[in-house]
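Written below as structure tokens is the structure these notes are about.
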Protein chains: 2
Amino acid sequence: MISVKQKIKVGILDDHHIVIQGVLSSLANNNSISVVSAATAKEYIEPELHLLDVILLDINLNDVDGVDLCKKYKSEFPNLKIICLTSFLQVSFIKAMLRNGADGYLFKNVATDELIEAIETTYKGKRYLGKEVNELLIKDGMETNKNRRSFIPKLTRREKEILALIIDEMTNQQIAEKLFISLSTVETHRMNLSAKLGAKNTAGMVRIAIKFGLA
Amino acid sequence: MISVKQKIKVGILDDHHIVIQGVLSSLANNNSISVVSAATAKEYIEPELHLLDVILLDINLNDVDGVDLCKKYKSEFPNLKIICLTSFLQVSFIKAMLRNGADGYLFKNVATDELIEAIETTYKGKRYLGKEVNELLIKDGMETNKNRRSFIPKLTRREKEILALIIDEMTNQQIAEKLFISLSTVETHRMNLSAKLGAKNTAGMVRIAIKFGLA
DNA sequence: TGAAAAACAGTGGTATACCACTAGAGCTAT
DNA sequence: ATAGCTCTAGTGGTATACCACTGTTTTTCA
């Protein structure tokens, strides 16, 4: 593929040099991502925020709360994608970050592949949650479900209907015929479902749906 | 689509006229399937077996055991596809029929769509089990699992590995790279998995795998 | 009753899965 | 040691899913 596409401009804000080093080396050989800014204190990176497509943000910065920072950055730069990269693997933190506009959430032991995928995915406007993060939310969702408060994404009636048919091995075409709607409509619903569930493809959608108890 | 393809030649053997009538009317308007033979006793249909692509076979024939019949027909006409169409929704019968070479198993309350799909699927050489049948086998598989005897399809080490990666939302390409094998190989494994699990697509594979406890 | 949400539908792609078929290499258990 | 798996890999195609983007109509409910 010969294309002169723009590299994704990434920034890092993290207390620990070692983390920054790790990310830099992970992304060094990647030709679709360039780290244009890295800092251990927010003062150093804030003047460059407007240049960034994606920022990797830690939660436990020594002087300020990353959760608040997330909200602040997101309101100042709505187009900036924020990926939380942290060692806090706690549902409360994850939910707080997502509520405050974070586009991704990764555990610090993330593999290079996943880091790259997270950056590319959020850059494209989709949410990306690390594997452990997803599992944690699902587990939490099932538990809190009984407590009337759940992280289970709210699906509309039609979406649930279509989700069930997808799990039932029907193709979009078959679903369209069954529900007397057009193929496009089914595809649209499917895209929305995929986004709401945070799935990357059919396999993920089915897995998440079943684990959420939606099937 | 303008094509002069051969219709699938189907036969029915069932005690009850009403069932035969139902199948005939279900398939009457279908232009890819033609019912060329229907009978309430085996003597009437056996001379025509060699003409058939697919036969719908009941289990509880008044004079003879359909399970044995299945084995007999299959050995005489290996290319004949046998779909068991019965009101016996019991695991023991289902297993017996499948052991004896049946290609499909449907409950008699089957919808027209599913009947057609079953015929087309088995005609193409794939196994087709009705929805209720599948669920029953899965449930049974999970229960008997504890008793050291299970209907869970035996997957090879590599197949399990690949199945897990599929459920983990990886594409064939990504799996190939991860396992250092070619895309073709992954596709082959995927096809085998799909067949072993009796799934029609990724969605089904994931659903069945999770319900079998393979994930 | 008016705004928001949901459902519907299209265009125009690209990526991926699905499928039938063949076939060699390596291992493995009677 | 040989028949039968398992794993590997290919060809060449078709079907389906994926995706961004835009827009209209219908329903819901504050």
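Numbered from 1 within each chain, the chains take letters A, B, ... in sequence-line order. What you are looking at is a predicted structure, and each value in this text was computed from that prediction instead of being measured.
For the pair Ser182(B) and dG10(D), the criterion of a side-chain N or O lying under 4.0 Å from OP1 or OP2 is met. The phosphate of dT16(C) has neither OP1 nor OP2 within less than 4.0 Å of any side-chain N or O from Asn172(B). Residue Thr202(B) places at least one side-chain N or O closer than 4.0 Å to OP1 or OP2 of dC18(C). Contact check, Ser184(B) against dG10(D): a side-chain N or O comes under 4.0 Å of OP1 or OP2. Side-chain N/O atoms of Arg157(B) include none lying less than 4.0 angstrom from OP1 or OP2 on dT6(D). Between dA15(C) and Thr171(B), no contact under 4.0 Å exists linking OP1 or OP2 to a side-chain N or O.
With the nearest nucleotide of DNA chain C identified for both Glu187(A) and Leu179(A), Leu179(A) has the one nearer the 5' end.
Across all strands shown, His189(B) has heavy atoms under 4.0 Å from base atoms, whether or not it also approaches the sugar-phosphate. Heavy atoms of Thr188(B) sit under 4.0 angstrom from at least one base atom.
Note that NZ of Lys9(A) is 12.5 Å distant from CD of Glu48(A), once rounded to the nearest 0.5 Å. With rounding to the nearest 0.5 angstrom, the CG atom of Asn192(A) is 12.5 Å from the CG atom of Leu163(A).
Under 3.5 Å, the side chains of Glu114(A) and Tyr128(A) contain a donor-acceptor pair of N or O atoms.
With rounding to whole Å, Asn192(B) atom CG is found 15 Å from dT22(C) atom P. Rounded to an integer number of Å, the gap from CD1 of Ile181(B) to P of dA9(D) is 7 Å. Look at CE on Met191(A): it is 18 Å from P on dT11(C), rounded to the nearest Å. Straight-line distance from the CD atom of Glu177(A) to the C1' atom of dA15(D): 14 Å, rounded to whole Å. Taking atom CD1 on Ile162(A) and atom C1' on dC8(C), their separation rounds to 10 Å, with Å as the unit. Here the P atom of nucleotide dT6(D) and the CD atom of Glu159(B) are 7 Å apart, to the nearest Å. The OH-P distance, from Tyr123(A) to dC19(D), rounds to 17 Å in whole Å. A straight line from CD1 of Ile175(A) to C1' of dA15(D) spans 15 Å, rounded to a whole angstrom.
Contact record, Ala38(A) with Ile20(A): CB-CG2, 3.7 Å, taken as the closest heavy-atom pair.
Counting heavy atoms of neighbouring residues, nucleotides and ligands inside a 6.0 Å radius, atom NZ of Lys200(B) exceeds 12 of them.
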